[in-house]
Every structure is written in C-alpha cells, then in structure tokens.
Amino acid sequence: IHYNVSQPIGANAADFLARWHDVNAVVFDIVLRMSGSISAEHGIGVLKREELPDVKDKVAIELMRGIKALLDPLGIMNPGKVL
C-alpha cells in the first residue's frame, strides 16, 4: 500500500502529529496481516523511514541499501533516503 495521512484543514498541527504514529500503526498492522508492503516502487518516504525496520526484515533492508549503493556509490542522488 502507498498512502499518506493528511492533516485535516483547520486541524491543530501538534494534535495531528501526536497521533500520526498511532494511525500508521493501525494501517501497518492490517497491511502486514495481509502479507502486504508499505513501501512503493520507489522506496520509502522520509516520514516512514524510521518505521521501516518494524515492517521489513533485515535482509530486505540490507538488499535495498545494497541496490542504492550500487546505483549511487557517492550518495548524491536523494541523500539520506533508503532508495
């Protein structure tokens, strides 16, 4: 699944961000129960990067990092990203 949770218009930013991880946890749980994936074809977004180890095994993460290293050995394309 590739999704983003957007703050409702007029909502308090701090209140929204305080619940952001809770909402993602619910979505990730459903996706994992259905043997799905949270990442898109282009990798994982910055906001979800820290949660990647919770939903991908170490081998998959290392494979993604290895592919990025092969394609971008100097780390100049989209620095700081997993892919």
Side-chain angles (χ1 to χ4, degrees):
I1 186 168
H2 188 181
Y3 78 101
N4 286 309
V5 178
S6 299
Q7 177 180 321
I9 295 172
N12 179 282
D15 291 341
F16 172 76
L17 291 174
R19 299 293 314 270
W20 192 83
H21 290 287
D22 297 334
V23 172
N24 280 322
V26 171
V27 173
F28 294 169
D29 181 57
I30 293 168
V31 170
L32 292 174
R33 273 189 286 143
M34 299 182 80
S35 300
S37 173
I38 65 158
S39 60
E41 70 283 353
H42 53 77
I44 193 78
V46 174
L47 291 175
K48 296 178 186 129
R49 182 179 63 187
E50 300 304 318
E51 294 168 328
L52 194 60
D54 296 335
V55 295
K56 293 283 187 194
D57 62 50
K58 286 183 176 185
V59 173
I61 293 172
E62 289 305 314
L63 182 60
M64 287 189 275
R65 288 189 177 129
I67 292 169
K68 177 161 174 59
L70 287 171
L71 297 174
D72 183 21
L74 300 177
I76 59 173
M77 297 185 326
N78 228 0
K81 308 304 186 287
V82 175
L83 277 181

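No experiment lies behind these values; they were computed from the predicted model shown.
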For Val23 and Val5 the tightest heavy-atom approach is CG1-CG2, 3.7 Å
If hydrophobic clusters are built from ILVMFWY residues whose side chains come within less than 4.5 Å, do Leu70 and Ile76 share one? no
side-chain contact (heavy atoms from CB on, under 4.5 Å) filter on Ala13, not counting sequence neighbours, yields Gln7
Could you work out, with side-chain contact (heavy atoms from CB on, under 4.5 Å) as the rule, every residue matching Ile30, not counting sequence neighbours? Val26, Arg33, Met34
Could you note down all residue pairs passing salt bridge (Lys or Arg N to Asp or Glu O under 4.0 Å) where residues 9-18 supplies at least one of them, sequence neighbours left out? none
Please answer whether the main-chain N or O of Met77 pairs with a side-chain N or O of Lys68 as donor and acceptor at a distance below 3.5 Å. yes
Here the gap from Asp72 atom CG to Ile67 atom CD1, rounded to the nearest 0.5 Å, amounts to 13.0 Å
Closest heavy-atom contact between Pro8 and Phe16? CD-CD1, 4.0 Å
